[in-house]
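These notes concern the structure reproduced below.
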Amino acid sequence: MTGEGSHDFARVRRIVKTDEFSSVFRLRPAQKSAHFVLYTRPNSLPHARLGVVAAKRFAPRAVTRNTIKRVTRELFRTSELQPFDCIVRLSRPVNSKDGPATTRALKAELRAELTRLFASQRPRRGAPTPAVPPTP
C-alpha cells in the first residue's frame, strides 16, 4: 500500500510528531462543535493529514476514546479535503465512568458532529486553493 489512495489511513496521512501537532495547535481553531474543536493548517502535501486528541479527562474510558478515534478516522478517510493538516481535539466530556462506554446514540451524535466539522473544510466549487507555505 503506497498511502496515496483516497480511502486509506496510511502513516503519510497521519500527524504523528509533536512538533507537527504544535504547529497546527498554534493557529486558531477552524471550527467548533458541542464536543470537538477542529484545527487546520495548509500543508505542502498532495493530501490532507489527520491527528486526533482524546484526553482521558473528557472520555475516562479507553473504549470511548478508541471509539472517538475510530469514528474520526473513518469520516476523515471518506471526506474529500483540501491538503490541510487537521487536528480534531475532544474539548468536552462525552460521558462518565458511571454510564456505558459507548452506545449507538453516542456514536451517532459523534458521527454527526464530526461530519459537520469535516464538511466545513471541504473544497467549494470555484473556490481558489489555499496558499501553501514553503516547507523548510
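- Applying the salt bridge (Lys or Arg N to Asp or Glu O under 4.0 Å) test to residues at least two apart or on different chains, the pairs with a partner in residues 81-93 are Arg41-Asp85, Arg49-Asp85.
- Closest of all the heavy-atom pairs between Phe118 and Phe76 is CE1-N, 3.8 Å.
- Considering CG of Leu50 and CG of Leu81, their distance stands at 9.0 Å, rounded to 0.5 Å.
- Put simply, CZ on Phe84 and NE2 on His47 are 14.5 Å apart, with the number rounded to the nearest 0.5 Å.
- Residues that satisfy the side-chain contact (heavy atoms from CB on, under 4.5 Å) test with Glu113, not counting sequence neighbours, are Ser33, Ala34, His35, Phe36, Glu109, Arg116.
- Between Cys86 and Leu38, the closest heavy-atom pair is CB-CD1, 4.1 Å.
- Nearest heavy atom pair, residue Val94 against residue Leu90, reads CG1-CD1, 3.7 Å.
- Residues satisfying the side-chain hydrogen bond (donor to acceptor under 3.5 Å, both in side chains) test with Glu74, not counting sequence neighbours, are Arg111.
- Contact between Gln31 and Leu117 at its shortest, heavy atoms only, is CG-CD2, 3.2 Å.
- Here the closest heavy-atom approach between residue Pro83 and residue Pro46 is recorded as CB-C, 4.4 Å.
- Residues Ala59 and Ile68 approach most closely at CB-CD1, 4.2 Å, considering heavy atoms.
- Lys56 is linked by a side-chain contact (heavy atoms from CB on, under 4.5 Å) to Arg65, counting only residues two or more places apart in sequence or in another chain.
- Atom NZ in Lys69 sits 11.5 Å away from atom OG1 in Thr64 (nearest 0.5 Å).
- Scored by the side-chain contact (heavy atoms from CB on, under 4.5 Å) test, Ala55 finds Arg57, Phe58 as partners (sequence neighbours excluded).
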